[in-house]
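Contents: one structure, followed by commentary.
These numbers come from a predicted model, not from an experiment. Reminder, nothing fancy here: chain letters follow the sequence lines and each chain counts from 1.
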Amino acid sequence: MKVIAALFSIVLGVVLLVAANDLPIWGDPESPVSVHLSSYFIEHSVEQTSVPNFVTAVLADYRGYDTMFETAVIFCAGITVMTILRRSHRLRKKNVPPRPVREGQDIIICSAARLIVPMMQLFALYVLAHGHHSPGGGFQGGVIFGASFILLALAYDLKTVLSRLKEKTMMLVSGLGVLVYAGIGVLCLFLGGNFLDYSRLASILQVTEIEARSHGILGVEVGVALTVTCIMLSLYADLASGGEMDEGL
Amino acid sequence: MADFIQALLGHYNNWAFILLLMIGFYAMIAKNNLIKKVIGMSIFQTAIILFYVSMAVKKNSTIPILDHGHGAVEHAIDVAAYASPLPHVLMLTAIVVGVATLGVALAIIQKIHRTYDTIEEDEIMEIIAQ
């Protein structure tokens, strides 16, 4: 079996290596990747959306549908993991394998975590809000925010985190994130534009249509960050405790 | 032959991704442990992300963020000075979906372990065959 597998992967590698010769040379500015759509985005995204970070502009405006369903996919993954691992009260009483007892907490790790966590959360908000001008945005900010909770769960235990952020709240907020994203899209629809056409928000926000696109992007990024934060913590909580929501790892 | 070698040397970014792809592919087929299979899947995924991001590179270009910030519209924008944003966007979403699928995969493995008390593939097959 292993020999066949090795043979298969070597054949795959050789085929790809030969095929890769037809790809453009690395770093070629005239390669097909760089000349069609990408150059349009680079030339026009600032005048059309007033967002200097092309990646953010493409992510949340030109490809807004993609990102919306991306957020929905993450939400679905969170729900799926919960459905697979959580057990009903009736089932939990019988047939639960004993979980390893957690050793005492380490004071150095706890103190360090207590110092780092607020900084991380502040930085996450900065990454989220500054995504228009620097690398960042909803996904990145949300992941950092979620990681701060996971750090807390690792340093103390899962119960400490879940007593501050209930599982029910977590799932509600992650649903709310998708709702914020889709809601902004529907709002644009009601204001007479297409779905996710942020320029229609100009009449509400009292800014020009181009600035309205920038603000609309920030709005949907907040929605993405809410979902990603809660789903990251929810995935960790479910996986680390085997769906029992006890002390965790 | 010399042309072929010359062409190979011009594509050394592809070597890395092909090597990672092979490692991931091998792990997915040959490994018996389900966690190792998932690790192989992650390596495979990383190879594809690396491939896309390396395609976005242009020589002598910088990150795809406009230098001047606001009020830069009046300047002409030099397209060759910025890496293409589109592959970065595609991979940004792919990474996040990768985390989500990894979570689901690990949850399924935990469930399998709960049911069969093992995550070795051949042992599971034996238990199913009984």
Side-chain angles (χ1 to χ4, degrees), chain A residues 1-2 4-6 8-10 12-13 16-17 20-21 23-29 31 33-34 37-39 41-43 45-47 50 52-55 57-59 63 66-67 70 73-74 76-78 80-81 84-85 97 133-135 137 139-140 143 228 231-232 235 238-239 242-243, chain B residues 4 7-8 10-15 17-19 21-26 28-30 54-61 63-70 72-73 77-90 92-93 95-97 99-104 106-108 110-111 114:
Chain A
M1 186 63 199
K2 291 206 163 149
I4 300 171
F8 258 114
S9 30
I10 287 168
L12 177 79
L16 282 173
L17 206 61
N21 274 327
L23 290 173
I25 300 286
W26 192 24
D28 181 14
S31 69
V33 184
S34 313
L37 262 178
S38 288
S39 55
F41 289 142
I42 291 173
E43 278 170 346
S45 70
V46 173
E47 62 183 83
S50 90
N53 186 344
F54 308 129
V55 174
V58 176
L59 183 82
R63 295 182 62 88
D66 183 20
T67 312
E70 199 80 33
V73 163
I74 299 167
C76 290
T80 311
V81 171
I84 292 172
L85 288 179
H133 299 273
S134 64
F139 288 112
Q140 297 90 326
V143 166
V228 172
I231 292 301
M232 284 303 135
L235 284 183
D238 279 322
L239 289 172
Chain B
F4 183 73
L8 273 187
H11 297 96
Y12 63 93
N13 62 320
N14 292 329
W15 300 357
F17 107 81
I18 289 170
L19 193 69
L21 209 74
M22 282 163 67
I23 294 169
F25 194 64
Y26 175 78
M28 277 201 293
I29 301 176
S54 79
M55 278 204 304
V57 171
K58 294 179 199 165
K59 275 227 168 64
N60 302 321
S61 69
I63 51 171
I65 296 172
L66 194 69
D67 262 345
H68 317 282
H70 282 298
V73 185
I77 296 169
D78 180 15
V79 175
Y82 301 101
S84 357
L86 194 57
H88 288 264
V89 174
L90 298 176
L92 180 64
T93 49
I95 290 167
V96 179
V97 168
V99 171
T101 51
L102 188 68
V104 174
L106 290 176
I108 291 172
Q110 275 202 9
K111 185 83 177 175
R114 205 185 274 169

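With a 4.5 Å cut-off on non-hydrogen atoms, A:F139 touches chain B through its side chain but not through its backbone. Contact annotation for B:A83: only backbone heavy atoms (N, CA, C, O) come within less than 4.5 Å of a heavy atom of chain A. For A:L37, the part sitting under 4.5 Å from any heavy atom of chain B is the side chain, from C-beta outward, and nothing else. When heavy atoms are compared at a cutoff of 4.5 Å, A:T80 approaches chain B solely by way of its side chain, counted from C-beta outward. Proximity to chain A (any heavy atom under 4.5 Å) is shown, for B:L19, by neither the backbone nor the side chain. With a threshold of 4.5 angstrom between heavy atoms, B:I18 approaches chain A through side-chain atoms but not through N, CA, C or O. For A:E70, the part lying under 4.5 angstrom from a heavy atom of chain B is the side chain only. Contact annotation for A:I4: neither backbone nor side-chain heavy atoms come within less than 4.5 Å of a heavy atom of chain B. Only the side chain of B:L92 has a heavy atom closer than 4.5 Å to any heavy atom of chain A.
B:M55 and A:V33 make their closest contact through SD-CG2, 3.8 Å (heavy atoms, listed as atom of the first residue, atom of the second, distance). The minimum heavy-atom distance linking A:F41 with B:P85 is given by the pair CB-CG, 4.2 Å. Among all heavy-atom pairs drawn from A:L239 and B:A107, the shortest one is CD2-N, 3.5 Å. The nearest pair of heavy atoms linking A:L235 to B:V99 is CD1-O, 4.3 Å. The shortest heavy-atom contact between A:N53 and B:P64 is OD1-O, 3.6 Å.
With B:Q110 contributing its side chain and A:L85 its backbone, the two residues share no donor-acceptor pair below 3.5 Å. Under the 3.5 Å distance criterion, the side-chain polar atoms of A:W26 are matched with a main-chain donor or acceptor of B:S54. Remark: the backbone N or O of B:V89 is not paired with any side-chain donor or acceptor of A:R63 at under 3.5 angstrom.
Comparing B:H88, B:K58, B:M28, B:K111 by heavy-atom pairs within less than 4.5 Å of chain A, the highest count is held by B:K58. The most heavy-atom pairs under 4.5 Å with chain B, out of A:G78, A:P29, A:S34, A:P24, come from A:S34. In terms of heavy-atom pairs under 4.5 Å with chain A, the best-connected choice from B:N14, B:I65, B:V79, B:L21 is B:I65. Of the residues considered (A:A5, A:C76, A:S9), A:S9 shows the highest number of contacts with chain B, using heavy-atom pairs under 4.5 Å. Among B:V96, B:V104, B:T93, the residue with the largest count of heavy-atom pairs under 4.5 Å with chain A is B:T93. The choice from A:I231, A:L12, A:L23 that makes the most heavy-atom pairs within less than 4.5 Å of chain B is A:L23.
Here the CG atom belonging to A:L17 is positioned 8.0 Å from the CH2 atom belonging to B:W15, to the nearest 0.5 angstrom. Note that CG of A:D238 is 12.0 Å distant from CG of B:L106, once rounded to the nearest 0.5 Å.
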Worked check of side-chain contact (heavy atoms from CB on, under 4.5 Å) between B:I108 and A:I84: CA-CA 7 Å; B:I108 291 172; A:I84 292 172; 3.7 Å; yes

Quick one, B:M22 with A:L16, criterion side-chain contact (heavy atoms from CB on, under 4.5 Å). Give me CA distance, side-chain angles, the key distance, then yes/no. CA-CA 10 Å; B:M22 282 163 67; A:L16 282 173; over 6 Å; no

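Checking B:L86, B:I63, B:L66 one by one against A:F54, the side chain to side chain contact (heavy atoms under 4.5 Å, CB included) holds for a single residue, B:L66.
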